[in-house]
Amino acid sequence: MTQKLQEKSLDIAIALTEGLVAGISKGQNWYKIVGTYVDAPLCWAISTGAESKHGSIDTLNHATAAISRFGSGSHIMAYVLADQQGWLMPATGASENQDVFEFNALHNFQAMRDSVNDGTSDFFMWETFTTKPYHDAGEVRRIGQITPPWPAFMFAAHVDLLQQRPTDVQHVLKAIQRASTLFIDQKETDSVKLVMETLDYKEEDVRSWFKTVHYPKDNTRVSSRALQVTVSTLIKAGVVDQPGPASETLVDLQIATLE
């Protein structure tokens, strides 16, 4: 997504918070965060192979994690898991934590599912409701879930757009705010049908998903605390070098408000 911003095939993007923060922290200076799309955290299912020896999270320390790519959400979430389980060393630097897991970068979801079944990986993490059909079918087995301590999705805009047409960015965010409000207002009726038809989900799963989703009342507000926690986790994962960027450097303050 951030590469598409660089190529200017996108002016504005909605992407995982941790991906946007990681990109800017690593020198991707062609975009800034301009708001929060979904302020509830994303729920990640932890999955193993159908016949895996791993029946719980407890045995995953030093296991092999299938990920889409290094620096992706599936990679970073492994360190959130390790942090929550107390498997990480104190945050004096990332080098001590690099051997908490082995990683198998496989580039796509299908390959990750195949990997836990052929034994080349022990587990993977992916968004709960995207993974659920494969749990229901018995292709992979769910052994737990985690939610990171930051909002799921944020908005980012190309710096050229921010410099040349900031009011257009504000108009887009306001339009999305109105659409998000309408989407939630109709969650018992039309919105359920829309998600079912678009994603081919079961009605009970869509209704469960709606219980986990929350849009901010003002999508131009960004939590400074959430950004700081994201940076801290990225440092532990070795994705970002210490000391990491300040929240103010991640956000375009003519559009967004840090709180």
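Any value given below was found using the heavy atoms of this structure, including those in side chains, with hydrogens, waters and symmetry copies removed. Position 1 is the first residue of the sequence, and the numbers go up from there.
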Connected via hydrophobic side-chain network under 4.5 Å: [X] and [Y]:
{"X": "Leu16", "Y": "Tyr79", "answer": "yes"}
{"X": "Val251", "Y": "Val229", "answer": "yes"}
{"X": "Ile176", "Y": "Leu182", "answer": "no"}
{"X": "Val140", "Y": "Met77", "answer": "no"}

Donor-acceptor pair, distance only, cut-off 3.5 Å: does the side chain of [X] make one with the backbone of [Y]?
{"X": "Asn108", "Y": "Ser68", "result": "no"}
{"X": "Thr198", "Y": "Val195", "result": "no"}
{"X": "Gln177", "Y": "Asn219", "result": "yes"}
{"X": "Glu7", "Y": "Ser9", "result": "no"}
{"X": "Gln186", "Y": "Thr189", "result": "no"}
{"X": "Asp11", "Y": "Ala157", "result": "no"}
{"X": "Gln170", "Y": "Thr220", "result": "no"}

Could you give me the CA-CA distance, side-chain angles and deciding distance for Gln228 and Ser224, then say whether side chain to side chain donor-acceptor pair (under 3.5 Å) is met? CA-CA 6 Å; Gln228 291 167 7; Ser224 179; 3.2 Å; yes
Pairwise distance CG(Asp83) to OG1(Thr233) - rounded to 0.5 angstrom: 6.0 Å
About how many Å separate CD1 of Ile67 and CZ of Phe123, when rounded to the nearest 0.5 Å?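 Phe123 atom CZ to Ile67 atom CD1 measures 10.0 Å (nearest 0.5 Å).
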How are the rings of Phe101 and Trp87 set to each other: parallel, tilted or perpendicular (split at 30° and 60°)? perpendicular
Classify the angle between the aromatic ring planes of Trp126 and Phe109 as parallel (below 30°), tilted (30 to 60°) or perpendicular (above 60°).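 If you compare the ring of Trp126 with that of Phe109, the planes turn out parallel.
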Check ion pair Asp160-Arg165 (N to O, under 4.0 angstrom):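 Between Arg165 and Asp160 there is no salt bridge, as every charged N stays at least 4.0 Å from the carboxylate O atoms.
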Are any of the side-chain nitrogens in Glu188 or Arg207 under 4.0 Å away from the carboxylate oxygens of its partner?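 Yes, this pair counts.
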Could you walk me through whether Phe210 and Phe183 pass the ring-ring contact (aromatic ring centres under 6.0 Å, His included) test, one step at a time? CA-CA 10 Å; Phe210 266 112; Phe183 183 63; 5.3 Å; yes
Can you spot which of Arg141, Lys202, Arg142 makes a salt bridge (Lys or Arg N to Asp or Glu O under 4.0 Å) with Asp136?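 It is Lys202, the one option of Arg141, Lys202, Arg142 that forms the salt bridge (Lys or Arg N to Asp or Glu O under 4.0 Å) with Asp136.
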Counting only heavy atoms not in [X] (residues, nucleotides, ligands), do more than 12 fall under 6.0 Å from its [atom1]?
{"X": "Asp241", "atom1": "CG", "answer": "no"}
{"X": "Asp200", "atom1": "CG", "answer": "no"}
{"X": "Gln110", "atom1": "CD", "answer": "yes"}

Please give me the minimum heavy-atom distance between [X] and [Y], naming the atom from each residue.
{"X": "Ala82", "Y": "Val100", "answer": "CB-CG2, 4.0 Å"}
{"X": "Gly35", "Y": "Met154", "answer": "O-CB, 3.2 Å"}
{"X": "Val34", "Y": "Ile255", "answer": "O-CG2, 3.7 Å"}
{"X": "Leu250", "Y": "Ser25", "answer": "CD2-OG, 4.2 Å"}
{"X": "Ile57", "Y": "Gln85", "answer": "CG2-CD, 3.8 Å"}
{"X": "Ala156", "Y": "Leu20", "answer": "CB-CD2, 3.8 Å"}

Is there a side-chain contact (heavy atoms from CB on, under 4.5 Å) between Phe129 and Leu199 once you walk through the steps? CA-CA 10 Å; Phe129 290 97; Leu199 299 177; over 6 Å; no
Given the side-chain rings of Tyr215 and Phe155, with only the six-membered ring counted for Trp, is the space between their centroids under 6.0 Å? no
Under 6.0 Å between ring centres: does that hold for Trp209 and Tyr201?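 Centroid separation for Trp209 and Tyr201: 6.0 Å or greater.
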Flag side-chain contact, heavy atom, 4.5 Å: Leu60 against Ile46: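 Side-chain contact under 4.5 Å: yes.
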Taking the side chain as every heavy atom from C-beta outward, state whether Ser232 and Ile235 have any atom pair closer than 4.5 Å. no
Do you know which of His62, Lys53, His54 makes side-chain hydrogen bond (donor to acceptor under 3.5 Å, both in side chains) with Asp122?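 When His62, Lys53, His54 are each tested with Asp122, the side-chain hydrogen bond (donor to acceptor under 3.5 Å, both in side chains) holds only for His54.
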side-chain contact (heavy atoms from CB on, under 4.5 Å) for Phe103 and Thr64? Distances and angles first, verdict last. CA-CA 5 Å; Phe103 290 104; Thr64 299; over 6 Å; no
Judged by modelled atom types alone, do Glu18 and Thr230 share a side-chain donor-acceptor pair under 3.5 Å?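 Glu18 vs Thr230: no donor-acceptor pair found between side chains.
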Residues Thr120 and Ser115: side-chain donor-acceptor under 3.5 angstrom: yes
On the six-membered ring of Tyr134, is Arg113 placed so that its NZ or CZ lies under 6.0 angstrom from the centre and within 45° of the ring axis?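 Verdict for Tyr134: a cation-pi partner in Arg113.
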Leu227/Val222 under side-chain contact (heavy atoms from CB on, under 4.5 Å): CA gap, chis, key distance, verdict: CA-CA 8 Å; Leu227 294 179; Val222 176; 3.7 Å; yes
Taking side chain to side chain donor-acceptor pair (under 3.5 Å) as the cut-off, I'd like each qualifying pair that reaches into residues 31-49, sequence neighbours left out, listed once.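 Applying side chain to side chain donor-acceptor pair (under 3.5 Å) to every pair that reaches into residues 31-49, excluding sequence neighbours, yields Asp39-His214, Ser47-His135.
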Test side-chain contact (heavy atoms from CB on, under 4.5 Å) applied to Ile76 and Leu234, step by step: CA-CA 7 Å; Ile76 294 163; Leu234 292 169; 3.3 Å; yes
